*Asks:* 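Submitted below is the structure of interest, expressed as structure tokens.
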Amino acid sequence: MVRVRFAPSPTGFLHIGAARTCFFNWLYARNREGTFILRIEDTDMARSSEEMTEGIIEGLRWLGLDWDEGPIFQSRRLPLYRQKAQELVEKGLAYSCYCTPEEIQERTKKTAGAGDFWGYDRFCLELSEKQRLRFESEGRAKAVRFLVPEGEIRYTDSIHGDITVDNKNIEDFVLLRGDGLPTYHLSVVVDDMESQITHVIRGDDHISNTPKQILLYQAFGAKPPKFAHLALILGPDKKKLSKRHGGTSVLEFRDQGYLPLAFLNFLAQMSWSPGEERIYTLEELVGKFALKKVSKGSPVFDLNKLEWLNGRLISGMSAEELTPLVRKEMQASNLWQETFAEEQKPWFDKMINLVKERSRTIRVFPKAAMPFLVDEITYDPAGVEKHLRDERLDTLLPLLAKDFQAMDEFSAPEIEQVLRKRAEEEGVKAALLIHALRMLVVGEPVSPGIFAVLELAGKEKTLERMSRLSDVRSLVEKKGE
RNA sequence: GCCCCUGUCGUCUAGCCUGGUCCAGGACACCGCCCUUUCAAGGCGGCAGCACGGGUUCAAAUCCCGUCGGGGGCGCCA
């Protein structure tokens, strides 16, 4: 039975790297029909906060990564860690240390360059009873250090393969701090043992920590889990992810109009290849996931790919699926009306289907819908200059308006037919009318196909906006002065 | 400084384990063409890579060694 966990520390956001670690744990659990546990590593009281915990959980919820057990809070299990540390001291596998960081630093400085000494010098390993009592009476804080044995640690990483480290490169690390709080190494191993974690899937930054933790498992007489270390995600500058490039909370991506499924596909396809490049359903990704397939090299975060994936997802979604998302976005822009969900639903669906083809994020919907919903639109000055200055429009537009007026069914194909006929009769290119209409009705030089746009706007609105030709011209002139 | 990990087009990735089918495949981005009412989408085409140097071999992106580059760790942070 596979048991995995995601164990963030609430000292920061759920950033893209953590999200990917979480996702891969989740994928593995689901793929192997195992159990996925959420654990909050909040033993660093000074830097942890409840807000961060909530933010992380909100991020996981948004991504749809559900957990089967937890969240387990380490801060509520402190006595257990103390007990476990004590257990090792009694077995002679760990020892109390009274040294202050300053003293250690002082001694290390002295021996620097002498060769072997680079870590803790084991000053407290064999304290005489007298010295020990003196330190105690001085009221010194007492930490517990692990006694690293000689030898080497060898383990097989599911992604990297065999990794060997000589124990002489591991110092007697601290298990329990002077204030009685556990360090990461202790708490992580104690909790993973108790939760019976079978696979530890985490970032590459923990590769060097793994031997220490294996040592702890051995000391506790437990079998270490399998380890899999994911290469760290890099920014576009090939440096560690920064605030500027994806180093922020995943919720930022939600707010930018990205969809969870696109984001998860992005995370997945950043580290392995499920096959062809497209959007996969969660079920497909679960089915295809395998730790051995995860690449060893560090991927560079590429926003282009995310956008492309997101755009493909949106284009492929139905109006039905898109509506709740678009609704939220429009509510934020004060453009939503309840009738869109009722009598105007057919119209609204049509609008969504028109806009979705060219949308890479949900965010563009309100702007695209704007011209259909408000009376006063804004006009792009350059577009006006380019498409509304032709004097022939002064006579053509009224003629076209009359044509439109006479139509029974104001639908896209009918509109196109009428417009092209008029253009032909007047000996002008249809494009002249099309561009002018786009500017007048939408206000922008860019929009979905104009005939569908006009149908969506409706006859009345179309005619009203066509009649504003001279107003729009002078509006822009005024601004230009 | 010491230790560990890593290195295929600008970016992601397939291939590497089990050498030949790879003068390296796909995708994003970019460029061009087609379509066309604009922008997209779509279709077609293009640009571009096995970090470098040795070795093993009839044959190396694939195996071995070294160099260089990138990343991480070396905390009474996680």
Side-chain angles (χ1 to χ4, degrees), chain A residues 7-12 41-44 46-48 74 97 99-101 104 112-113 116 118-120 141-145 157 159-161 163-166 168-171 173-185 187-188 202-212 229 231-232 234 236 238-240 266 269-278 292-293 295-309 311-312 315 355-360 383 386-387 416 419-420 429-439 442 444-451 453:
Chain A
S9 71
T11 54
E41 308 212 322
D42 54 353
T43 52
D44 184 352
R47 295 195 304 144
S48 297
Q74 292 191 321
C97 174
C99 299
T100 64
I104 296 170
D116 298 339
W118 60 274
Y120 180 63
K142 181 172 71 175
V144 173
R145 283 183 183 272
D157 188 286
I159 293 169
H160 294 283
I163 294 175
T164 307
V165 175
D166 196 312
K168 72 181 180 210
N169 291 309
I170 306 171
E171 71 171 325
F173 53 96
V174 171
L175 298 176
L176 220 51
R177 308 181 216 169
D179 58 8
L181 291 175
T183 61
Y184 166 70
H185 299 298
S187 60
V188 82
R202 69 216 320 188
D204 254 3
D205 48 344
H206 288 296
I207 276 195
S208 303
N209 292 149
T210 305
K212 294 180 192 166
H229 289 97
L232 264 23
L234 269 28
K238 289 230 177 191
K239 293 273 154 56
K240 228 178 146 181
F266 174 59
Q269 289 172 60
M270 187 150 58
S271 320
W272 59 293
S273 172
E276 41 182 322
E277 287 80 4
R278 62 172 169 89
K292 303 107 219 146
K293 286 188 181 172
S295 62
K296 297 192 265 207
S298 296
V300 171
F301 175 87
D302 180 15
L303 194 63
N304 272 319
K305 195 109 176 189
L306 209 211
E307 278 196 358
W308 177 76
L309 248 11
R312 296 248 343 212
S315 304
V355 175
K356 73 179 186 186
E357 294 295 336
R358 64 206 61 225
S359 303
R360 291 202 145 192
K386 192 169 178 194
H387 299 299
E416 174 160 18
L419 181 144
R420 288 194 188 282
K429 277 190 176 169
L432 176 69
L433 294 171
I434 285 167
H435 287 132
L437 282 172
R438 192 189 324 275
M439 279 314 301
V442 183
E444 297 284 329
V446 177
S447 84
I450 189 64
F451 306 113
V453 165

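A quick note: this is a predicted structure, and the numbers were derived from the prediction, not measured. Numbers restart at 1 for each chain; the letters A, B, ... are given by sequence-line order, proteins then strands. Heavy atoms only: backbone and side chains are in, while hydrogens, waters and symmetry mates are out.
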*Asks:* Can you tell me how far the OG1 atom of A/Thr210 sits from the NE2 atom of A/His160, to the nearest 0.5 Å?
*Replies:* 9.5 Å

*Asks:* Output the rounded distance in Å from CG (A/Asn169) to C1' (B/G1).
*Replies:*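 A/Asn169 atom CG is separated from B/G1 atom C1' by 12 Å.
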
*Asks:* Is A/Lys212 close to A/Tyr184 at the side-chain level, that is, under 4.5 Å between some pair of heavy atoms?
*Replies:*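 With C-beta onward as the side chain, the pair stays apart.
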
*Asks:* Given the C1' atoms of B/C58 and B/C68, what is the spacing between them in whole Å?
*Replies:* 31 Å

*Asks:* Between the protein and nucleotides 5-13 of chain B, which nitrogen or oxygen pairs are less than 3.5 angstrom apart?
*Replies:*
from, atom 1, to, atom 2, distance (Å)
B/C5, O3', A/His160, ND1, 3.0
B/U6, OP1, A/His160, ND1, 3.2
B/U11, OP1, A/Lys238, NZ, 3.1
B/C12, OP1, A/Val300, N, 2.9
B/C12, O3', A/Met270, O, 2.9
B/C12, O2', A/Gln269, O, 2.6
B/U13, OP1, A/Met270, O, 3.0
B/U13, OP1, A/Ser295, OG, 2.9
B/U13, O2', A/Ser273, OG, 3.3

*Asks:* Tell me the partner of B/C17, counting only Watson-Crick (N1-N3 plus N6-O4 or O6-N4) or G-U wobble (N1-O2 and O6-N3) with both under 3.5 Å; none if nothing fits.
*Replies:* none

*Asks:* Rounded to whole angstrom, note down the P distance from B/U56 over to B/C64.
*Replies:*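 Going atom to atom, P in each nucleotide, I get 15 Å.
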
*Asks:* Give a yes or no on whether the backbone of A/Gln74 and the side-chain of A/Asp42 come within a donor-acceptor separation of less than 3.5 Å.
*Replies:* yes

*Asks:* For A/Pro236 and A/Phe301, work out which heavy atoms get closest and say how close.
*Replies:* CG-O, 4.0 Å

*Asks:* Please report the distance separating the C1' of B/G15 from the corresponding atom of B/U21, rounded so that it comes out in whole Å.
*Replies:* 12 Å

*Asks:* More 5' along RNA chain B: A/Glu276 or A/Leu232, using each one's nearest nucleotide?
*Replies:*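 Counting from the 5' end, the first nearest nucleotide belongs to A/Glu276.
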
*Asks:* When rounded to the nearest 0.5 angstrom, what distance separates CZ in A/Arg177 from OG1 in A/Thr43?
*Replies:*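 Here the rounded value is 5.5 Å.
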
*Asks:* Minimum heavy-atom separation for A/Ala231 and A/Gly297, please, with both atom names.
*Replies:*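 Nearest heavy atoms, A/Ala231 then A/Gly297: CB-O, 3.3 Å.
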
*Asks:* Shorter than 3.5 Å, N or O on both sides, protein versus nucleotides 33-43 of chain B: list them out with atom names.
*Replies:*
from, atom 1, to, atom 2, distance (Å)
B/U37, OP1, A/Arg420, NH2, 3.0
B/U37, O2', A/His435, NE2, 2.8
B/U37, O2, A/Arg438, NH2, 2.6
B/U38, O4', A/His435, NE2, 3.4
B/U38, O2', A/Pro445, O, 3.3
B/U38, N1, A/Arg438, NH2, 3.3
B/U38, O2, A/Ser447, N, 2.9
B/U38, O2, A/Ser447, O, 3.1
B/U38, N3, A/Arg438, NH1, 3.3
B/U38, N3, A/Ser447, O, 2.6
B/U38, O4, A/Gly449, N, 3.4
B/C39, O2, A/Arg358, NH1, 2.4
B/C39, N3, A/Arg358, NH1, 2.4

*Asks:* Given that both distances must come in under 3.5 Å, which nucleotide forms a Watson-Crick or G-U wobble pair with B/G49?
*Replies:* none

*Asks:* In whole angstrom, give me the gap between the C1' atoms of B/C9 and B/G25.
*Replies:*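 The same atom, C1', in both gives a distance of 12 Å.
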
*Asks:* CG of A/Leu309 versus C1' of B/A29: gap in Å, rounded?
*Replies:*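 A/Leu309 atom CG is separated from B/A29 atom C1' by 14 Å.
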
*Asks:* Do the side chain of A/Ser295 and the main chain of A/Ser271 share a donor and acceptor less than 3.5 angstrom apart?
*Replies:*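 The answer is yes, because a donor-acceptor pair under 3.5 Å joins these two groups.
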
*Asks:* If the P atom of B/G53 is compared with that of B/C28, how far apart are they to the nearest Å?
*Replies:*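 To the nearest whole Å, 33 Å.
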
*Asks:* Can you tell me how far C1' in B/U11 sits from the matching atom in B/A48, rounded to whole Å?
*Replies:*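 Result for the C1' pair: 12 Å, nearest Å.
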
*Asks:* Test your reading of the model: is there a side-chain donor-acceptor pair from A/Gln269 to the backbone of A/Arg278, 3.5 Å cut-off?
*Replies:* yes

*Asks:* If B/C2 has a Watson-Crick or G-U wobble mate with both distances under 3.5 Å, name it; if not, just say none.
*Replies:*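 Pairing partner, where one exists within any strand: B/G73.
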
*Asks:* Less than 4.0 Å between a side-chain N and a carboxylate O, is that true for A/Asp44 and A/Arg47?
*Replies:*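 Looking at A/Asp44 together with A/Arg47, the answer is yes, because their closest N to O distance falls below 4.0 Å.
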
*Asks:* Determine the interatomic distance between P on B/G19 and the same-named atom on B/C12; round to the nearest Å.
*Replies:*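 The same atom, P, in both gives a distance of 28 Å.
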
*Asks:* Distances under 3.5 Å only, N/O to N/O: pair up the protein atoms with those of nucleotides 75-78 of chain B.
*Replies:*
from, atom 1, to, atom 2, distance (Å)
B/G75, OP2, A/Glu171, OE2, 2.3
B/C76, O2, A/Gly178, N, 2.6
B/C76, N4, A/Cys99, O, 2.3
B/C77, OP2, A/Arg177, NE, 3.0
B/C77, OP2, A/Arg177, NH1, 3.0
B/C77, O3', A/Arg177, NH2, 3.4
B/C77, O2', A/Asp44, OD2, 2.6
B/C77, O2', A/Arg47, NH2, 2.7
B/C77, O2, A/Arg47, NH2, 3.1
B/A78, OP1, A/Thr43, OG1, 2.9
B/A78, OP1, A/Arg177, NH2, 2.2
B/A78, OP2, A/Tyr184, N, 2.9
B/A78, O3', A/Glu41, O, 3.4
B/A78, O3', A/Glu41, OE1, 3.1
B/A78, O2', A/Ser9, OG, 3.2
B/A78, N6, A/Asn209, OD1, 3.3
B/A78, N1, A/Asn209, OD1, 3.4

*Asks:* Would you measure the distance from the C1' atom in B/A51 across to the matching atom in B/G70 and give it in whole Å?
*Replies:*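 Nearest-Å result for B/A51 against B/G70 at atom C1': 11 Å.
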
*Asks:* Over all heavy atoms of both residues, which pair between A/Met270 and A/Val300 is shortest? Give the atoms and the distance, please.
*Replies:*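 Closest approach of A/Met270 to A/Val300: SD-O, 4.4 Å.
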
*Asks:* A/His435 side chain to A/Ala431 main-chain N or O, any donor-acceptor pair under 3.5 Å?
*Replies:* yes

*Asks:* Paired with B/G32 by Watson-Crick or G-U wobble geometry, both distances under 3.5 Å: which nucleotide is it?
*Replies:* B/C44

*Asks:* In sequence, state the C-alpha distance, the side-chain angles, and the governing distance for A/Val188 and A/Glu41, and then conclude on side-chain contact (heavy atoms from CB on, under 4.5 Å).
*Replies:* CA-CA 8 Å; A/Val188 82; A/Glu41 308 212 322; 3.7 Å; yes

